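The structure appears below as structure tokens.
Only a predicted model underlies this, so the values are computations on that prediction, with no experimental measurement involved. Below, chains carry the letters A, B, ... as their sequence lines are ordered, and counting in each starts from 1. Computed from heavy atoms alone, side chains included, the values below leave out hydrogens, waters and symmetry copies.
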There are 2 protein chains.
Amino acid sequence: MATIKDVARAANVSIATVSRVLNNKSGFSEDTRKAVEEAIEELGYVPNGVARGLISKRTNTIGLLVPALSSMLVSEMVSGIERIVHEQGSSLIVCHTESNGKKTMQYLQLLLAKQVDGIIFTSGVLLQEYYQMIERSGIPLVLLSTESLHLPVPSVKVNDRLASFHATEYMIQHGHKKIGMISGNRNDMIAGVPRVEGFRMALSSHQIHFEESMIASHRGFSYIDGATAFRKLMTDHPDITAIVAASDDMALGMISEAFKMGIKIPEQVSVIGYDNIPICNVSIPPLTTISQPVAKMGEVAAKMVLDMIHGDEKQESVVFPHEIIERQSVKKMN
Amino acid sequence: MATIKDVARAANVSIATVSRVLNNKSGFSEDTRKAVEEAIEELGYVPNGVARGLISKRTNTIGLLVPALSSMLVSEMVSGIERIVHEQGSSLIVCHTESNGKKTMQYLQLLLAKQVDGIIFTSGVLLQEYYQMIERSGIPLVLLSTESLHLPVPSVKVNDRLASFHATEYMIQHGHKKIGMISGNRNDMIAGVPRVEGFRMALSSHQIHFEESMIASHRGFSYIDGATAFRKLMTDHPDITAIVAASDDMALGMISEAFKMGIKIPEQVSVIGYDNIPICNVSIPPLTTISQPVAKMGEVAAKMVLDMIHGDEKQESVVFPHEIIERQSVKKMN
DNA sequence: ATATTTAGAGTAAACGTTTACTCAATTAAA
DNA sequence: TTTAATTGAGTAAACGTTTACTCTAAATAT
């Protein structure tokens, strides 16, 4: 590959001059610009970003850490982030941590070694261990779809507890009295705990009787988790008429399972999902769900790190409003 | 951030020695190793990959170019690639070209500037222009889910024409005589042309009457494209009993549209998809489809570039077998 | 005992840029 | 005209590593 030296030689100037025209830095005549540009064209020269990075201390790369999530959700999130990041001439390294601490530490090490300019950490708990590592490296960090109560890290998220509260209340407003929840991993601090909490709060604030067994949880937030949780729920509580699901994937799995069990949605059982992934539009029936503006959130998070990189010290955390997208999976009871 | 100099100072040795223990290169005593390792620990030192890259000419980064595809498909593909790439201590930069020539060139420029060690190009036509740029840079390249007839670039793919042929034949074997196709962009050299060809060949080799209007196409390969194409097809040919779809997304959109139109799947119309994305398991009815082992293919493509990077000059192209995954969207006619 | 090998460690060049500094020549000001 | 400012361009240091080369002292061979 051609280097700046080759260009300099071909254009009969010093490398400093080449560098100047490359960066539009003034200090050269129109003639030399021509000569240099021709040489560049001729040689197909592309400046070496690694060398540039070494001296500028900027790699124009930002790192993204995601745990195992619904692939559609991740896609949307990433595409929002990517759009902004690329707009600014940077690129993105995505690391799937699978919520695994050891793996996360490894990736973190990798990102630091790669000298990324910033890090976005999504949808998981920011352990002290992670934070320290990032903190001491001085790399800007923002949290997406998660937050940290004691650590001073800006975040972009939705109020999960409230969203879940509303989802449940939506069922209540539609006349449902026997409402079950299919939760993912109930210990998940992000998508588990708060959503369960919101569910319980809604029931209790409407004085609806609640039993622990009306929340069925399984390992994760996927189709099968939804399917199995639903089956469990229906054997324990055959009189349930509405389900609040902790993710769209779970809701979809549940709908499929209901179909197999001969249960009609929404005629016999209503369901509301969570995430509003694109496929909700074409499920049968189309899925009523809580929408998190994931793509938008990704964009904002990306802008935040970028701003921090450009020197805007502290960013304000933002919590995005959620929204109930009404489709046809919830029946009005009367 | 601490540099190797800081470590050297703290451990009272030269930077060369630090480098040696870092790389296990011999030429130091057990005592100095201890001292150096302590200093590293103490300072939280992480070797600067940029500096390393400058001298080693390796960035441990590989670039991936993908056009706009079903997000689930991309996710699977990427996850296969990522697994392998990360196993080898490298990382991945994903670039969404949206099948846009200008954007692709920009990304290519970016990847070259970043000095990626290798490039995987997916699911699109490798233009001469792209090839030249990569070729002159000397960066190893492999094609995934696409191929180049005249350019000497190894590829990993499935035989689309044959797969589509089989999908169609599957319908014929199930007794269908009036078979329509919903194709995506018919000019798409990868997922358009060959799949349409396979469809036509299957019909003609079974002496089934064919009209152009039995292939409905729309812009792309998404839900709505499937839905609109299906509606068009059914108004033109209300007697169709089977549909071959060019993607699962299209099939899913079509199923949803059929539901709205009061058409029962598979009782009235059967459908076979293409891709076998995870959601096929939980659609209603579960979708019979052509499976491409995308994750596996991604892995193999990744291994290929990696091997090329490590000096294994030319790799053999591989075409993966497809498979028909029988679920419940095709009815047996008698 | 001397000569030779080896282990441990340091010095400095190189990787491909950017940039502070220098300098000559031209232009503008006095 | 002399002086000062400006323009165009080169030289060399720096960024943080790796590595070829060198050197000393200890260990081994003769």
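Contacts of M189(A) classified as side-chain contact (heavy atoms from CB on, under 4.5 Å), with partners at least two apart in sequence or in another chain: V125(A), V193(A). Remark: S29(B) engages D31(B), T32(B) in a side-chain contact (heavy atoms from CB on, under 4.5 Å) (not counting sequence neighbours).
Using a 4.0 Å cutoff on non-hydrogen atoms, the parts of residues 11-27 of chain B near DNA chain D are I15(B), A16(B), S19(B), R20(B), N23(B), K25(B), ordered by number. Contacts of residues 106-113 of chain B with DNA chain D (heavy atom under 4.0 Å): none.
Taking 4.5 Å as the limit, some side-chain heavy atom of L111(A) sits within range of a side-chain heavy atom of I93(A).
The residue among T32(B) and K57(B) whose nearest nucleotide of DNA chain C is located toward the 5' end is T32(B). Toward the 5' end of DNA chain D, the nearer of the two residues R33(A) and A2(B), judged by each one's closest nucleotide, is R33(A). In terms of position on DNA chain C, the residue among E30(B) and Y45(A) whose nearest nucleotide sits closer to the 5' end is E30(B).
Residues M72(A) and M72(B) approach most closely at CE-CE, 2.6 Å, considering heavy atoms. Taking each heavy atom of H96(A) and P67(A) in turn, the nearest pair found is ND1-O, 4.4 Å. Residue G53(B) comes nearest to V50(A) through the heavy atom pair C-CG1, 4.0 Å, listed as atom of the first residue, atom of the second, then distance. Nearest heavy-atom pair, G80(A) versus E299(A), reported as atom, atom and distance to 0.1 Å: O-CG, 3.4 Å. For the pair V66(A) and V94(A), the tightest heavy-atom approach, listed with the atom from each and the gap, is CG2-CG1, 3.9 Å.
Checking side-chain atoms of D117(B) against main-chain N and O of T59(B) turns up a donor-acceptor pair under 3.5 Å. Formation of a donor-acceptor pair under 3.5 Å by the T122(A) side chain with backbone atoms of L144(A) is not found in this model. At distances below 3.5 Å, at least one donor-acceptor pair connects side-chain atoms of R58(A) with backbone N or O atoms of I309(A).
Contacts between chain B and DNA chain C, taken as any atom within less than 4.0 angstrom of a protein heavy atom, begin and end at dG8(C) to dG16(C).
Between Y107(B) and H86(A), the ring planes lie perpendicular to each other; the angle is over 60°, past the 30° to 60° tilted range.
No engagement by S56(B) is indicated, since no non-hydrogen atom pair under 4.0 Å with the nucleic acid exists.
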Apply side-chain hydrogen bond (donor to acceptor under 3.5 Å, both in side chains) to residues S91(B) and K114(A) and explain how you reach the verdict.
CA-CA 10 Å; S91(B) 42; K114(A) 283 246 158 76; 2.4 Å; yes
Give each protein N/O atom lying under 3.5 Å from an N/O atom of nucleotides 23-27 of chain D, with the pair distance.
none

